Amino acid sequence: MHRYRTHTCGELREAEIGERVRLSGWCHRIRDHGGVLFIDLRDHYGMTQVVADPDSPAFKMAEKLRAEWVVRIDGKVRKRPAGTENAELPTGQVEIYISEIEVLGAAAELPMPVFGEQDYPEEIRLKYRFLDLRREHLHNNIMLRGQVIDSIRRRMKDAGFFEFQTPILTASSPEGARDYLVPSRLHPGKFYALPQAPQQFKQLIMVAGFDRYFQIAPCFRDEDARADRSPGEFYQLDLEMSFVTQQDVFDAVEPVIRGVFEEFGKGKKVTAKFPMIPFAEAMAKYGTDKPDLRNPIVMEDVSEAFRGSGFKIFANILNTPGNAVWAIPAKGGGNRAFCDRMNSWAQGEGQPGLGYIFWREGEEGGAGPLAKNIGPERTKQIADQLKLGVGDACFFVAGKPKDFVKFAGPARTKVGEELNLIAKDRFDLCWIVDFPMFEWHEEDKKIDFSHNPFSMPAIAAEEFLALDPKDEEKILGLKAYQYDIVCNGVELSSGAIRNHRPDVMKKAFAIAGYDESVLQAKFGGMLNALTYGAPPHGGIAPGIDRIVMLLAGEENLREVVLFPMNQKAEDLMMGAPSEVTPKQLKELSIRLDLPKKN
RNA sequence: GGGGGCGUAGCUCAGUUGGUUAGAGCGCUGCCCUGUCACGGCAGAGGCCGCGGGUUCGAGUCCCGUCGCUCCCGCCA
């Protein structure tokens with residue numbers, strides 16, 4: 001007989017009745033009836049009920065067991081007495097009558113029970129992650145993650161991609177997020193950086209002629225956390241392709257993403273063909289470049305209904321060129337209680353308030369102070385434009401669109417949530433395309449890259465090279481071959497057709513006000529590589545953690561990461577980051593200059 | 001760096017207008033219980049009410065500060 005087990009805890013059926021078996025696992029739940037004692041023995045594979053009574057030589061030992069002790073039990077499989085079968089368990093037709101128990105690992109009193117579905121504070125869950133991971137919910141999430149990654153690998157390889165590894169210790173990159181730095185012992189005063197993404201490596205793999213690259217790539221960024229953004233490290237399905245247009249990248253990636261969502265989406269409807277939504281359209285309709293398309297609300301410009309109207313606040317705002325008034329239609333929100341609630345919410349968001357009109361029986365022409373200010377004609381104009389009627393409401397935001405979208409987008413989401421308009425049973429995916437190449441940097445009063453300086457401008461190279469840097473209007477209107485995949489309001493990935501031409505890259509940096517020496521200093525290696533025959537190439541990098549988060553139905557990345565850090569980028573279980581010895585620092589030629597407390 | 005929420009038993013939470021000895025469930029300890037699967041019953045232990053200061057005859061409760069956790073903004077090519 002095997003030292004620890006003949007079967008797993010999820011294995012035994014009626015076929016094994018009468019066999020002498022050996023199981024090892026955790027005491028999930030113990031029910032001691034005095035005369036008869038049940039233990040639900042749990043392992044990775046499932047749960048089996050084991051039972052002892054005073055006739056069993058193991059009874060005395062069984063009475064000593066406590067939750068989460070790891071034990072080995074020997075015994076005989078027998079059919080459960082009629083009427084005591086448990087249909088919830090695959091092993092529920094049988095039980096094991098214990099003849100011997102060996103304690104393999106006793107457990108101290110638990111800071112957090114494994115049994116049950118109750119919520120526990122993050123701090124405890126993270127400190128005792130190994131206990132949390134025993135719980136069915138997290139355990140399943142992590143297994144799902146592994147299956148999703150397996151599926152992605154298979155799909156990528158089937159599509160002709162090859163998997164590469166790129167360095168973890170590399171050079172600090174000047175753009176983007178803050179780097180994690182690793183001091184060099186051999187080169188005092190110099191540092192490696194952990195890659196924020198293998199961006200330059202994957203481009204170099206294309207320059208090296210490998211044609212189709214992918215990697216489940218760890219990425220490191222020293223930025224503050226969010227619910228959907230892990231501090232420190234996360235994983236991307238990083239991929240890159242040579243001799244491709246933007247459409248080729250879409251055609252390669254879309255089936256992989258859609259396939260994974262269909263495979264693991266538990267029957268939720270997945271977008272059959274991802275719509276391509278230009279950045280400008282996404283901002284205008286949804287107030288964000290990562291719209292939740294499950295929310296049917298589409299905003300519209302209603303500036304004309306307010307221009308020169310009796311509602312002086314908006315009329316005055318509209319006197320400034322470039323300003324506008326947008327409407328957020330709220331089907332089914334046509335009552336004062338709801339409108340007031342939205343107004344309070346807006347104030348909680350730091351807004352002065354949220355103007356609204358609503359339509360109800362007896363006031364078919366529109367109710368609320370705003371309707372009275374602008375009069376019935378303009379109110380009707382709004383109702384007609386947005387196809388609103390009795391029982392509906394409409395909210396308004398006014399000012400400079402670039403500024404108020406930060407509020408309008410969340411307001412659209414809030415209305416959708418409050419009125420239950422969001423279809424929960426779908427994964428609505430889309431491409432966001434036509435991002436601007438450059439944008440006006442208000443603080444520095446200059447034109448700068450709006451995304452990745454490596455993206456190719458969506459304009460003929462010759463025309464781009466001929467651009468007059470003073471022609472700001474044309475430059476700010478330029479689009480880039482830059483694209484995102486968005487699912488249910490979550491940005492899944494960002495990608496681009498890369499700028500593989502040194503001349504175009506130099507021009508792009510010149511337009512953004514960087515001297516060629518800056519380009520050389522920052523991206524000399526990359527630029528150099530491009531001068532020796534670089535293929536046109538492009539790629540994208542979907543976030544693995546976010547995909548799994550959506551598939552698992554979680555709101556927080558920590559629910560799909562094995563050993564996550566907390567919001568302050570601390571590993572409470574391992575105690576990272578930690579102090580190091582003076583000897584270690586000395587070897588690295590590092591002296592600490594810590595900030596003074598208080 | 002800034003804003004919101006939370007902080008009471010090992011854990012999840014309740015705690016009234018500021019008023020006697022701060023409660024419940026789970027867990028823990030002991031006893032009882034031969035068919036449970038969230039087993040049940042009886043008894044018990046367990047509290048710097050995050051910390052510091054203030055107001056008050058009296059503070060878990062009100063005020064100020066601080067710390068911790070969390071969510072968001074900034075940040076995230």
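Treat the numbers as computed from the prediction; the structure is a model and nothing was measured. Every chain is numbered from 1 and lettered A, B, ... according to where its sequence line falls, protein lines coming before strand lines.
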Could you work out the separation of rG15(B) and rC57(B) based on their C1' atoms and round it to a whole Å?
23 Å

Nearest-Å distance, CD (Q203(A)) to C1' (rA77(B))?
12 Å

With a 6.0 Å cut-off on the ring centroids, do F509(A) and F523(A) count as close?
yes

Between CE of M437(A) and P of rA77(B) the distance, given in whole Å, is 15 Å

Determine the sole option in K507(A), R501(A), H500(A) for which the side-chain contact (heavy atoms from CB on, under 4.5 Å) test with V504(A) is passed.
R501(A)

What contact category does H451(A) fall into here, base, sugar-phosphate, or nothing, at under 4.0 angstrom with non-hydrogen atoms?
sugar-phosphate

Given rC76(B), rC71(B), rG35(B), identify the nucleotide with an atom nearest to the side chain of A177(A).
rC76(B)

Among rC71(B), rC75(B), rG35(B), which nucleotide has an atom closest to any side-chain atom of P81(A)?
rG35(B)

Quiz item: D224(A) side-chain donor-acceptor pair to rC75(B) base, under 3.5 Å
no

Any N566(A) side-chain nitrogen or oxygen under 4.0 Å from OP1 or OP2 of rC69(B)
yes

Separation of rG35(B) atom C1' from I98(A) atom CD1, nearest Å, is 14 Å

Worked verdict on F250(A) versus Y483(A) for ring pair (Phe, Tyr, Trp, His ring centres under 6.0 Å)
CA-CA 9 Å; F250(A) 291 3; Y483(A) 35 82; 5.0 Å; yes

Answer with base, sugar-phosphate or nothing: what part of the nucleic acid does I124(A) contact at a heavy-atom distance below 4.0 Å?
sugar-phosphate

Pick base, sugar-phosphate or nothing for R78(A), based on heavy-atom distances below 4.0 Å to the nucleic acid.
base

Side-chain atoms of Q199(A) come closest, of rA38(B), rA77(B), rU34(B), to rA77(B)

Hey, does E88(A) reach any base, or is it just sugar-phosphate, or nothing, if we go heavy atoms under 4.0 Å?
nothing

Looking only at rU36(B), rA38(B), rC76(B), the nucleotide nearest the Q49(A) side chain is rU36(B)

Would you say K568(A) reaches rC69(B)'s phosphate, i.e. side-chain N/O to OP1/OP2 under 4.0 Å?
yes

Nearest-Å distance for atom pair CG/C1', residues D40(A) and rC39(B)
11 Å

Could you tell me whether the phosphate oxygens of rC73(B), OP1 or OP2, come under 4.0 Å of any side-chain nitrogen or oxygen in R226(A)?
yes

Assign E570(A) to base, sugar-phosphate, or nothing according to its heavy-atom contacts below 4.0 angstrom with the strands shown.
sugar-phosphate

Salt bridge (Lys or Arg N to Asp or Glu O under 4.0 Å) between K446(A) and E472(A): does it pass, once the steps are laid out?
CA-CA 10 Å; K446(A) 70 182 257 300; E472(A) 288 182 354; over 6 Å; no

When rounded to whole Å, the CD to P distance for the pair E223(A) and rG1(B) reads 14 Å

Indicate, yes or no, whether a donor-acceptor pair under 3.5 Å links the base of rC69(B) to the side chain of R125(A).
no

When you compare rU70(B) with rG58(B), how far apart are their P atoms, in angstrom units rounded to a whole number?
38 Å

Expressed as a whole number of angstroms, how long is the span from K290(A):NZ to rC72(B):C1'?
12 Å

Should the ring pair H28(A) and F115(A) be called parallel, tilted or perpendicular, given that the plane angle runs from 0 to 90° and is split at 30 and 60?
perpendicular

Figure out the CG/P separation between L89(A) and rA38(B), and round it to whole Å.
9 Å

Looking across every strand, which nucleic acid part, if any, lies under 4.0 Å from Y120(A) by heavy atom: base, sugar-phosphate, or nothing?
sugar-phosphate

Ignoring hydrogens and geometry beyond distance, is the side chain of R66(A) in donor-acceptor contact with the base of rG27(B) at under 3.5 Å?
no

Worked verdict on D132(A) versus R135(A) for salt bridge (Lys or Arg N to Asp or Glu O under 4.0 Å):
CA-CA 5 Å; D132(A) 203 14; R135(A) 306 176 82 202; 3.7 Å; yes

When all nucleic acid strands are considered with a 4.0 Å heavy-atom cut-off, which category describes D222(A): base, sugar-phosphate, or nothing?
nothing

May I ask you to say what E68(A) touches in the nucleic acid, namely base, sugar-phosphate or nothing, with a heavy-atom cut-off under 4.0 Å?
nothing

Contact nearer the 5' end of RNA chain B, comparing F523(A) with N556(A)
N556(A)

Please determine whether any donor N or O and acceptor N or O are separated by less than 3.5 Å between the side chain of R229(A) and the base of rC76(B).
yes

NA contact type, P113(A), heavy-atom cut-off 4.0 Å: base, sugar-phosphate, or nothing?
nothing

Once hydrogens and angles are ignored, does a donor-acceptor distance under 3.5 Å link the base of rG35(B) to the side chain of E95(A)?
yes

Check every atom of rC71(B), rC76(B), rG35(B) against the side chain of Q567(A) and return the nucleotide holding the closest atom.
rC71(B)

Would you please determine if the base of rU34(B) is stacked by H33(A), with stacking meaning a centroid separation under 5.5 angstrom and planes under 30 degrees?
no

Considering only atom C1', compute the distance from rG44(B) to rG3(B) and round it to an integer number of Å.
47 Å

Using a heavy-atom cut-off of 4.0 Å across all strands, would you classify R29(A) as base, sugar-phosphate, or nothing?
sugar-phosphate

Report the nucleotide, chosen from rU36(B), rC72(B), rA77(B), that has the shortest atom-to-atom distance to any side-chain atom of N452(A).
rA77(B)

Over how many whole Å does the gap from D571(A) atom CG to rC69(B) atom P extend?
14 Å

Expressed as a whole number of Å, how far does the C1' atom of rG30(B) sit from that of rG47(B)?
22 Å

Give the minimum heavy-atom separation between C219(A) and Q196(A), together with the two atoms involved.
CB-O, 3.0 Å

Is there a side-chain polar atom (N or O) of R31(A) under 4.0 Å from OP1 or OP2 of rC39(B)?
yes

rC62(B) and rG5(B): how far apart are their P atoms, nearest whole angstrom?
13 Å

What interatomic distance, in whole Å, is found between C1' of rG46(B) and the corresponding atom of rC37(B)?
29 Å

Quantified in whole Å, what is the C1' atom distance between nucleotide rC64(B) and nucleotide rC28(B)?
40 Å

Please give the distance between the P atoms of rU56(B) and rG68(B) as a whole number of Å.
31 Å

Going by the angle between their ring planes, with limits at 30° and 60°, are F435(A) and F279(A) parallel, tilted or perpendicular?
tilted

